[in-house]
Protein chains: 2
Amino acid sequence: MTTTVPDAPTETTRPARERLVRAAQELYGEQGVDATTPREVLERSGVGQGSLYHHFPSKTDLARTALRRTAQESLDEARSTLANGGSSSGRLRAYLAAPRDALAGSAVGRMTSDPVVMADPSLREPLAEYFTGLVDLVTVVLWEQGYTEAQAHDRAFTVVATVQGGYVLARALGDDAALERALRGVRTLCGLEEA
Amino acid sequence: MTTTVPDAPTETTRPARERLVRAAQELYGEQGVDATTPREVLERSGVGQGSLYHHFPSKTDLARTALRRTAQESLDEARSTLANGGSSSGRLRAYLAAPRDALAGSAVGRMTSDPVVMADPSLREPLAEYFTGLVDLVTVVLWEQGYTEAQAHDRAFTVVATVQGGYVLARALGDDAALERALRGVRTLCGLEEA
DNA sequence: GTCTATAGTCGGATAGAC
DNA sequence: GTCTATCCGACTATAGAC
C-alpha cells in the first residue's frame, strides 16, 4: 500500500507555479515589474508559454504573488537581526552592518518607482506591510534604549530611510561606498559607533 | 530697419524642441522614462508625430536632454537653500524643512529604479552629478559647523539619504507623514531641533 | 497541467508631402 | 521645421492539442 498522499490535500505544492514565482521575484529585483515581460519569466523558469496563464489569470496576479513573497522574505530577514538576542544597541548595530548589495538596491524599496506596482493597490499593499513592519521592529529597539515612543518612532523612520536612501545614492553614483557612508553617519548620530 | 537677429546666432531657441523637453520632464517625473512613450510626449507637448525624431534621433536622446535639465534644476534649487546667507545650522534646517511633494517622490532619485536610465551611462550621468553636487553642498554646511571633513562627508550622505529614503517610505506607505517623520528624526539627531 | 501556435494591440521609428 | 501616414517588432493574452 503506497502512500499516495503528497503534502497537503487542499493546497498542494505545484512545481511549475513555484518556478514561475521564483523567476518573477528574481527578474523584478533586477528590472522591476513593469520592465519584466511574461516571456522573460517563462524563459527563466523553463516553463512553457500557456502555463503562466493557467496558474495566474494575468501578469498582475503573478506580480502580486511574487511581491508578497519578496516582502515577506525581506521582513523575516530583518526580524532575524532586529528581534533576536543581544542588547538593543547590538541588534541595531547588527542591522545597520548587515551585508547589502548596494548597487542592486532594495528589492522592496525600488518598487515604489514602478508604475505597474504603484498603479495597483493590491501590488502596493506588500510594500506598505513590509515598511510598516520594519519601522515597527526598529521602533521597538530604539524604545528599549530609553527613547520616548514618539522619538523612537521618528528615529526609526530616519534609520529605515537612511538605508533606503543609501541604496538610491549608491545606485546613482555607481558606488557602493555611498551606502556605507550613509550608514556610518547614522551609526555615529545614534551613538552606536565605537570610539 | 527691423532687427531680425533673434537671440543667439549659434544656438537659437526652438519652440517645438523646448515644448518636447518640458513635456518629457513632466512625464518622467510622473511615470519614469521607461514607462513614458513618445506618443505621450507628443500629446502633452502638442507637437506633431515626426517632429520628435527631427529634433532627437531617438527616445534616448530626448531622455538625456530632459534628465540633464531636471538634474540641473533640482541642484540649483537645493543650492539656493544650502548656499545662501544665514547661519550654517539655519541653512541646513531650511533645507530639511523645504516643501516637498512626498508622494510624488524625488524627480532624480526615482530614476535609479528606471531600467532605461540605469542601462545607459549617458542617462545615469546626470543622476551622479546631481547627488555629487548635493552631498558636497551639505558637506560644506556641516564642515562649517565644526565637524571634521570625514565626519561631515559621512553625515552629508546620511542627510541626503534620509531625504531620498523618506520619499521611498512615503510612497510605499501612501502617507506623506513618513517623510516628515524621517526628517524630524534626522533634525533631532543633528541637534537642529528647538527644545 | 503543460505545451505550441497565434491573435490583437501598442510602442518605437521612418517616409515623404507641405 | 512641421505635419500625416505607415511599417515593424514586441508584449499581453487566448485557443486548443496532448
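- Rounding to whole angstrom units, NE2 of residue His54(A) and P of dA5(C) are separated by 20 Å.
- With hydrogens and angles left out, the side-chain atoms of Arg69(A) and Gln72(A) include no donor and acceptor closer than 3.5 Å.
- Atom CG of Leu52(A) is separated from atom P of dG1(C) by 15 Å (rounded to the nearest Å).
- Here the P atom of nucleotide dG1(D) and the NE2 atom of His55(B) are 7 Å apart, to the nearest Å.
- Rounded to an integer number of Å, the gap from Arg19(A) CZ to dG1(C) C1' is 12 Å.
- Residues passing the ring-ring contact (aromatic ring centres under 6.0 Å, His included) test with Tyr167(A), sequence neighbours excluded: none.
- Judged as a salt bridge (charged side-chain N to carboxylate O under 4.0 Å, His left out), the pairs with a partner in residues 153-175 of chain A (not counting sequence neighbours) are, in order, Asp154(A)-Arg181(B), Asp154(A)-Arg184(B).
- For Glu30(B), the salt bridge (charged side-chain N to carboxylate O under 4.0 Å, His left out) test picks out Arg44(B), with sequence neighbours left out.
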Task: Base-contact (B) and sugar-phosphate-only (S) positions in nucleotides 6-18 of chain C, heavy-atom cut-off under 4.0 Å, - elsewhere - done: B----SSBB----
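- Sorted by first and then second residue, the salt bridge (charged side-chain N to carboxylate O under 4.0 Å, His left out) pairs with a member in residues 128-147 of chain B read Arg91(B)-Glu144(B); sequence neighbours excluded.
- Atom CD in Glu18(B) sits about 15 Å away from atom P in dG1(D), given to the nearest Å.
- Contact annotation: Ser51(B) side-chain N/O to dC3(D) OP1/OP2 distance is under 4.0 Å.
- Pairs engaging residues 95-114 of chain B under the side-chain hydrogen bond (donor to acceptor under 3.5 Å, both in side chains) rule: Ser106(B)-Gln164(B) [sequence neighbours left out].
- Between Val47(B) and Glu40(A), the residue whose closest nucleotide on DNA chain D is further toward the 5' end is Val47(B).
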